[in-house]
Structure formats: C-alpha cells, structure tokens
Amino acid sequence: MMNYTGMEPGAVVMLIFGLVLLYGGLATFISIALKKEQLK
Amino acid sequence: MENLERDQWRSRAGFIFSTVGAAVGLGNFWRFPFMAYKNGGGAFLIPYFFALLTAGVPLMIMEFSFGHRMKGGATLSFAKLGKKWEFIGWWQTMVPLIVMCYYSTIIAWSLNYLVFSFTQAWGTDPNAFFGGKFLGVSSGPWDLGGFRWTIALGVVVVWLLNYFITRNGISGGIEKACRIITPLLAVLMVIITIRGLTLPGAAYGLNWFLKPDFSKIMDPQVWIAAYGQVFFSTTLAVGVMIAYASYLPEKSDIVNNSFITVFSNSSFDFLAGLAVFSILGYAAVASNVPFEKVAANGAGVAFVAFPKAISMLPMPRIFQSIFGIMFFFSLFIAGISSSISMLESFATAALDKYDISRKEIIKRISIGGFIGSMFIATGAGVHILDIVDHFVSSYGIALLGLVEALVLGYVYGTDRIKQHANLYSDFRIGWWLDFCVKYLTPLMLGYMFIQNLINEFKAPYAGYPMSAIICLGWSVAVGMLIVALYLSGRPWTNPHICFNKIDDGAVNK
C-alpha cells in the first residue's frame, strides 16, 4: 500500500461546511414543517 | 377551470418522498462528485450552495406554485396561461419521454450488475468486461452490433415496474412506491458511506473530493458548472414538478416543500460524493496507484471503478458481494423513482388534454418507451444515448429552463408565483424570488445555452460522424419542439377540463 496522510485541514473544513449547510439546512426545514404540522 | 376527477397526494410526506425520489437519480452518484473534483474540489461547494439558493430553490417554488395553482400538468398549466403557451408544456413533457428510453436502459445495467455482484462476474478487468462482454460496444452509432439479451431482459423488468407503479395513479402508485423507495435509498446510502469512510485510504480519496482550490472560484466556468449541476440534478423544466404539484391538496405548503426537496437532493449529492471518493481512495491506496488511475467519469464510476473497488474490499468475498448488491440496488431504486416521475410527467399532460383512461395512456407510453429502450440495448446503445443525452440536455432542458423562467417570470408574473406560494406555506418568500427568476436564472441559463451552441459548431460532439449528430442529435432536439407545436394545435377532448379566463384569486378558490 502507498503511504498516505489523513485528511488535509482544508478538506476537513469543507467537509464540515458541506455537512453543516446541507444537512443543517435540511434538518431546519424539516423541523419547521413538523412544528407547523403539529400546530395544525 | 377544473378537472373534476383529479387524484391527490395522501400526505405531505408522501409528496416530499416522491419529489425527492424524482430528483435523486443515477446522476447523483456520478455527476456531482466529479463536478466538484474537476472544479476546485471543496471550493466548488461555495458556488454550488449559492446556485442552490438562487436557482434550485426559486425555480422549484416557481414550478410548485404554478402547477398547484393551475391544477394541471405542464400542458394544462401553460394552456391556462394562454393557448399560445401550450406548446411549452408539451415541449417540456417531450424531454422525459425521450430520456426515459435510455434512462431505463441504464437502470437495466444496474439490475444486471446487481445480479453480477453475486459472483463478481466482472472478474479482474471490469473495464474490459463492461465495454466488451456486457455492452458489446460497436464501432459507432450506425453499427448496431447485435442485441444484448441480458440488458433487454433488464429493460423488460424496468418497464414492467414503471407500468405497474404509475398505472395505479398518484396516491395508489407513485406515493406508495416512493414512501418505501426514498427512505430505503437514504438508509442504503448511509450504510455504503459509513463502510466507505471506514476503509483505509478513504481520507486520501476525500482529499481529492474536498481539498479546496479557491483560485477556481474566480473562474466563471466553475459558477456555470455549479448552476448546471443544480439545474439538471433537480429535475426542473421537464414538467415533472409541475405535474406532481398539481396533485397537492388545496391548502398545501409550497415554499418549505421546495426547500426540503432541493436540500434533500443536494444532501444525496454530497453523501454520494463521500461514498464514491472514499471507496475510490481506498482502491487507489490498495493498488498503489495515483487517484487519477482509479477515477472514472460518468457511468464508468458505477460500472467500472466501483466493481473493481468492490472486489478489492478488505472483507470475505460473500460480504464483498453483499456490498455490491447493496450499491447496485441503490442505483436501481434511485433510477426507478426518477423514471416513474418522467412517465408521470407525460401521462399527466395527456390525461389533462385527452379523454383517455390512465391505464390506457400508461400502457401506450410504456410500450413506446420499451421499444425505444430496445435500441439502446444494442451494441450501438452507448453511442446513441451519449449523442441523444447531449442534445436533449443542452438544447432541450437548458433552453426549456430559460424559456420557462422568462414566460413565468414576465408573462405569468413573479407576483402571482409569490402570492400563491405564500398562501399556506410555513414561511414566506419575497423580492429574492423576483431577482432569481427574472434576472439571474435567465442570465445563467442563457449564457450556458449560447456557450453550448458555440462549442457545437466548433467540432462535432465527441467526434461522432456528422450524419449521427444530425439524425440522432439535432433531429431529436428540433423534433421535440415540432411535435410539441403539433400537439398544442390539437383540440382538447377531456370533458372535465373547461377553460375560463385566469383571474387572480379565482383559480383554486
């Protein structure tokens, strides 16, 4: 096996950026929908 | 202006699972990850996220609002806007009709590979297996090169599924299927991604996917690529979302449903990127070769690079096979939920206009689509689908998106879109939609279209003979518009449809 290092700091930052914006955004919109549906 | 016997979604969740199922397809697995890889790695996420908020979400709101307010598929909705616009609806629904022919064949490839996974039939050289023994790729688009029977058998299964799901209608067919397919796909994708991330070498692959090259952000081409990715990935401008929204109950959310659909699709994009690059990273490290050697483009990722990686996984052969079955089953169900939406787009258009039963129109589309798919199940299939896909995407979908944004933005009006969207939504939208629909999206799609056109005349696409480019490319692209114009001139025979003048506040009241 070739030598490789772990994830580079820039890649880690973009991974967190993607996870927070996409999954955080999705979770927010779903929770808004669930709250509104409960109110109905 | 009413269709008296219109089916309805049984629940909001069922609608969302179906729209997400329509948007998430085969392209999520291989288009987004390599878009990022080629356009600045992690830095691509910035224009991608910007495009998501300024094109994906506003256009989704626009289509949901339009279809829901008009209570019709693309054809009826545009016809209600004005008889002269009806052709746009037909033109939109022509695209999925053509795409379904080759899309169903690619789903059939996934089904074949699902079976191959049991024995890892691709052997030690998946590249030679895919192009040679499996596809039997011929010398060019005019050399049919014989029939591929295993692919044809897969096509039969795909069209039977398409037929049996859609013939039962929206709530009894599509909603029921997507309530199973979409959550199942999410669970399978999470399992595949976790396995990928825990492989030695995963970090090496992820660096290629996510390491940012911020200099690329200054390149306008990267922004165009991000807009193209968001636009094509969300199944916009092909009548699917307008048709699906037309079956929503009267007091339905539009704005938040759009956000959830677009963000879910992008979450699948990102998850697929993590899965694909971590597994390819492992394959590169385990074979001691640079990443570029294992990275394939387009369908090659799924049918060449992945089988190779599956056979190298550090686990007993039976678990390798199970992993392969899971991956190709994911591809298969992602494809099915998209293909049924394409079938429904045209079916809704035809059901709105003609006095015909759902079962009859679904039967006719399925038989026609099946025959079309059979041409792709030949040795020339891969050439044919490549040419047709290029022209349908560049001069069908992109141009339709531009026309739709202009007509709905300026003729129908963004005020009507917003007014209707805000009626029962969880939260409201404002000026941002006007700016995105009227100015930004037409600018980006117009630029994309002109750029494609210029490139087209520089050299024949992918070096194919000009005869094939004209017969399979331009003829299909222009033919869709001609057929749409013809169909829009035909009389309406559905007795449940009557046209009144569109009056603000009168529609859907």
Side-chain angles (χ1 to χ4, degrees), chain A, chain B residues 11-13 16 20 36 40-46 48-49 52-53 57 200-214 251 253 255-271 273-274 277-278 281-282 284-291 424-427:
Chain A
M1 275 196 180
M2 69 196 287
N3 287 326
Y4 69 95
T5 53
M7 275 184 79
E8 295 184 21
V12 175
V13 170
M14 294 320 288
L15 174 66
I16 295 167
F17 175 80
L19 289 175
V20 170
L21 285 183
L22 290 175
Y23 298 96
L26 179 61
T28 306
F29 298 124
I30 291 174
S31 64
I32 291 171
L34 290 174
K35 274 183 194 163
K36 294 281 178 179
E37 291 298 316
Q38 277 175 349
L39 285 175
K40 286 177 192 170
Chain B
S11 68
R12 184 175 180 181
I16 291 172
V20 174
F44 181 73
L45 290 177
I46 294 167
Y48 176 78
F49 198 72
L52 204 69
L53 293 175
V57 174
Y204 175 68
L206 290 181
N207 283 336
W208 286 92
F209 175 42
L210 293 168
K211 189 182 164 189
D213 175 3
F214 288 111
K251 292 180 181 178
D253 175 284
V255 179
N256 201 12
N257 282 351
S258 304
F259 271 93
I260 294 173
T261 301
V262 173
F263 271 71
S264 297
N265 178 58
S266 296
S267 299
F268 268 101
D269 265 347
F270 197 67
L271 201 61
L274 296 178
F277 274 74
S278 58
Y282 163 75
V285 168
S287 7
N288 205 18
V289 294
F291 187 80
Y424 301 108
S425 289
D426 296 341
F427 52 89

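Keep in mind that what you see is a predicted model, and the values were worked out from it rather than measured. Labels below follow one simple rule: chain letters A, B, ... track the order of the sequence lines, proteins then strands, and each chain is numbered from 1.
A distance of 10.0 Å separates CZ in B:Phe209 from CE in A:Met14, rounded to the nearest 0.5 Å. A distance of 16.0 Å separates OG of B:Ser278 from CH2 of B:Trp208, quoted to the nearest 0.5 Å.
Contact count against chain B (heavy-atom pairs under 4.5 Å) is highest for A:Leu21 among A:Leu15, A:Leu21, A:Leu39. When B:Ala43, B:Ser267, B:Ser266, B:Pro212 are compared by the number of non-hydrogen pairs under 4.5 Å with chain A, B:Ser267 comes out ahead. Counting heavy-atom pairs closer than 4.5 Å to chain A, the top residue among B:Ile16, B:Val262, B:Asn256 is B:Asn256. Per-residue counts of heavy-atom pairs under 4.5 Å with chain B were compared for A:Val12, A:Val13, A:Leu19; the largest is that of A:Leu19.
Closest non-hydrogen pair, A:Met7 versus B:Leu206, comes out as SD-CD1, 3.8 Å. Closest of all the heavy-atom pairs between A:Ala33 and B:Asp426 is CA-OD2, 3.3 Å.
Taking 4.0 Å as the cut-off between side-chain N and carboxylate O, B:Asp253 and A:Lys36 do not count as a salt-bridged pair.
Both the backbone and the side chain of B:Phe270 come within less than 4.5 Å of a heavy atom of chain A. Only the side chain of B:Leu274 comes within less than 4.5 Å of a heavy atom of chain A; its backbone N, CA, C and O stay farther away.
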